[in-house]
Chemist: 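Following this message is one structure expressed as structure tokens.
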Amino acid sequence: MDERAGGRVLGIGELLWDLFPDGPRLGGAPFNVVANLRRFGHPAAFVTAVGDDDLGRAALAAVDRLGVDGTFIGVALDMPTGTVAVSPDPIEGHRFTIGSPAAYESIGDSGSLVARLAAWTPDALVYGTLAQRSAGVRDVTHRVATEIRPSYRLYDVNLREGCWTPELVREVLTDATIVKVNESESVVLADLLGVDASPAALAAVLAARHGVTTLCITRGGNGATLVIDGSRYDVDGIPVDVVDTVGAGDAFAATLLHGILTETPPEETLTFANRVGALVATRSGALPPWSADELG
């Protein structure tokens with residue numbers, strides 16, 4: 001793939017280690033999305049920070065192995081690399097205890113950083129909710145969205161218990177052109193916006209109030225719904241033997257954005273994203289090995 005083919009993708013947010021009983025695994029939802037987009041051939045970079053510690057050095061090495069540009073990853077001398085203690089439940093959903101303070105909450109001076117990011121010329125921006133609690137991360141994200149203005153700005157909501165507020169979610173929505181939520185998050189989002197939780201109603205208010213052109217609602221084994229500029233597309237779930245749901249939604253989000261960036265028809269994009277998400281759910285970890293060739 002030509003370096004510019006399909007678009008350059010910039011992620012902002014948490015890079016951390018999920019601490020499973022059998023050992024640490026690299027994670028952080030926005031980073032997972034960006035790493036999967038790199039697998040599709042998109043030039044990809046990530047904005048975050050790690051600690052000056054063994055986990056930080058291991059994270060930087062892993063970022064490099066995955067082919068993600070680590071130019072914009074800083075080292076926080078006074079904060080540890082982010083970690084999340086995971087209580088595994090592959091079927092019902094893992095429980096997470098998120099460590100804070102963490103290095104990803106401190107990413108340096110926004111003025112000089114945004115100027116460097118502008119020179120990188122991203123076509124798409126990926127971010128979530130967790131790291132946006134930090135004023136510095138929030139400032140950089142907002143400035144990238146409003147000053148650099150990548151054509152596509154994906155907010156993959158990922159609400160973690162105790163790690164978001166209604167005010168933050170409403171604010172972060174203002175920077176998005178694409179919003180991806182799971183089914184329970186769609187109900188929360190509709191309640192925050194004071195609208196019916198149906199995909200059509202939620203998509204309409206997101207478009208009217210925030211300029212969001214694309215809404216995607218995932219339902220795990222029950223499929224997904226995509227609404228683009230008022231047109232709705234649905235896909236059924238794919239029966240699989242679930243090994244681990246961690247990372248499946250991030251792989252889905254990456255495939256969705258890949259389809260949008262490459263101007264693939266919406267129905268085809270949704271179908272492929274659903275297949276990738278199902279494949280990743282059959283494997284362990286947030287970033288298990290997979291390739292598009294496996295899907296035909």
Chemist: Quick one: closest heavy-atom pair of A35 and L66, and the distance?
Modeler: CB-CD1, 4.4 Å
Chemist: Between Y152 and L261, is there a side-chain heavy-atom distance shorter than 4.5 Å?
Modeler: yes
Chemist: If you measure only the distance, is there a donor-acceptor pair under 3.5 Å linking the side chains of N158 and T129?
Modeler: no
Chemist: Assess whether atom CG of D236 is packed by more than 12 heavy atoms of other residues, nucleotides or ligands within 6.0 Å.
Modeler: no
Chemist: Check whether any side-chain N or O of N36 sits under 3.5 Å from a backbone N or O of N32 as a donor-acceptor pair, and report yes or no.
Modeler: yes
Chemist: Holding to side-chain contact (heavy atoms from CB on, under 4.5 Å), I want the full list of residues that pass it with A176, two or more places apart in sequence or in another chain.
Modeler: Y127, Y155, V179, V212
Chemist: So which heavy atom on E185 is nearest to which on L159, and how close?
Modeler: OE2-N, 2.8 Å
Chemist: Report the C-alpha distance between T81 and D53 in whole Å, list the side-chain angles of each, state the deciding distance to 0.1 Å, and finish with yes or no for side-chain hydrogen bond (donor to acceptor under 3.5 Å, both in side chains).
Modeler: CA-CA 7 Å; T81 299; D53 50 32; 2.6 Å; yes
Chemist: Distance check, rounded to the nearest 0.5 Å: C163 atom SG versus I98 atom CD1?
Modeler: 3.5 Å
Chemist: So, using side-chain hydrogen bond (donor to acceptor under 3.5 Å, both in side chains) as the criterion, who are the partners of D175 when residues are at least two apart?
Modeler: R138, H142
Chemist: Return yes if some donor-acceptor pair links the side-chain N/O of T271 with the main-chain N/O of E268 below 3.5 Å, else return no.
Modeler: no
Chemist: Kindly indicate whether the side chain of Y104, heavy atoms from C-beta on, has any atom under 4.5 Å from the side chain of S134.
Modeler: no
Chemist: Parallel, tilted or perpendicular, judged at 30° and 60°: which one describes the rings of F40 and H258?
Modeler: parallel
Chemist: Listing request: all salt bridge (Lys or Arg N to Asp or Glu O under 4.0 Å) pairs with a residue in residues 247-259, at least two apart in sequence or in separate chains.
Modeler: none
Chemist: Among residues at least two apart in sequence or on other chains, which ones pass side-chain contact (heavy atoms from CB on, under 4.5 Å) with A59?
Modeler: L15, W17, L26, V50
Chemist: May I ask you to decide if G67's main-chain N or O and R38's side chain share a donor-acceptor pair within less than 3.5 Å?
Modeler: yes
Chemist: Applying salt bridge (Lys or Arg N to Asp or Glu O under 4.0 Å), can you list everything that pairs with E105, at least two apart in sequence or on another chain?
Modeler: R133
Chemist: Going from CG on L10 to CG on D123, what distance comes out if it is rounded to the nearest 0.5 angstrom?
Modeler: 10.5 Å
Chemist: Restricting to pairs with a member in residues 56-84, which pass salt bridge (Lys or Arg N to Asp or Glu O under 4.0 Å), not counting sequence neighbours?
Modeler: D52-R57, D54-R57
Chemist: Quick one: list whatever passes salt bridge (Lys or Arg N to Asp or Glu O under 4.0 Å) with D196, sequence neighbours left out.
Modeler: none
Chemist: Side chain of R153, backbone of V126: donor and acceptor closer than 3.5 Å?
Modeler: no
Chemist: Would you name the heavy atoms of A203 and L215 that are closest together and state the gap between them?
Modeler: N-CD2, 3.7 Å
Chemist: Keeping T48 on the side-chain end and G13 on the backbone end, is there a donor-acceptor pair under 3.5 Å?
Modeler: yes
Chemist: Could you go through the ring pair (Phe, Tyr, Trp, His ring centres under 6.0 Å) check for F46 and W120 one step at a time?
Modeler: CA-CA 11 Å; F46 201 68; W120 197 76; over 10 Å; no
Chemist: Any side-chain heavy atom of L270 within less than 4.5 Å of one from V235?
Modeler: yes
Chemist: What pairs with E267 under side-chain hydrogen bond (donor to acceptor under 3.5 Å, both in side chains), at least two apart in sequence or on another chain?
Modeler: none
Chemist: Please list every donor-acceptor pair under 3.5 Å in which a side-chain atom of residues 277-284 meets a protein atom from a residue at least two apart or in another chain.
Modeler:
unit_1 : atom_1 : unit_2 : atom_2 : d
T282   : OG1    : L279   : O      : 2.5
R283   : NH1    : P289   : O      : 2.7
R283   : NH1    : E294   : OE1    : 3.3
R283   : NH1    : E294   : OE2    : 3.3
R283   : NH2    : E294   : OE1    : 2.5
S284   : OG     : R25    : NH1    : 3.1
S284   : OG     : R25    : NH2    : 3.3

Chemist: Within the side chain of S186, is there an N or O that forms a donor-acceptor pair under 3.5 Å with the backbone of V181?
Modeler: no
Chemist: Evaluate the side-chain hydrogen bond (donor to acceptor under 3.5 Å, both in side chains) criterion for residues T141 and Q132: first the C-alpha distance (whole Å), next the side-chain angles of each, then the deciding distance (0.1 Å), finally the verdict.
Modeler: CA-CA 8 Å; T141 305; Q132 298 297 316; 2.9 Å; yes
Chemist: Taking H42 for the side chain and G7 for the main chain, is one N or O donor matched with an acceptor at less than 3.5 Å?
Modeler: yes
Chemist: So, taking the atom named CG in L226 and the one named CG in L256, what distance separates them when rounded to the nearest 0.5 Å?
Modeler: 6.0 Å
Chemist: A side-chain contact here means heavy atoms from C-beta on lying under 4.5 Å apart; do P150 and V144 qualify?
Modeler: yes
Chemist: Check salt bridge (Lys or Arg N to Asp or Glu O under 4.0 Å) between R149 and all other residues, then give those that pass, not counting sequence neighbours.
Modeler: none
Chemist: Tell me whether M79 is reachable from V47 by hopping between hydrophobic residues (I, L, V, M, F, W, Y) whose side-chain heavy atoms are closer than 4.5 Å.
Modeler: no
Chemist: Mind checking side-chain hydrogen bond (donor to acceptor under 3.5 Å, both in side chains) for S184 and listing every partner two or more places apart, or none if nothing turns up?
Modeler: N182
Chemist: For D229, give me all partners under salt bridge (Lys or Arg N to Asp or Glu O under 4.0 Å), at least two apart in sequence or on another chain.
Modeler: none
Chemist: Contact between T71 and R116 at the side-chain level, heavy atoms closer than 4.5 Å - yes or no?
Modeler: yes
Chemist: Over all heavy atoms of both residues, which pair between P199 and R219 is shortest? Give the atoms and the distance, please.
Modeler: CG-NH2, 3.9 Å
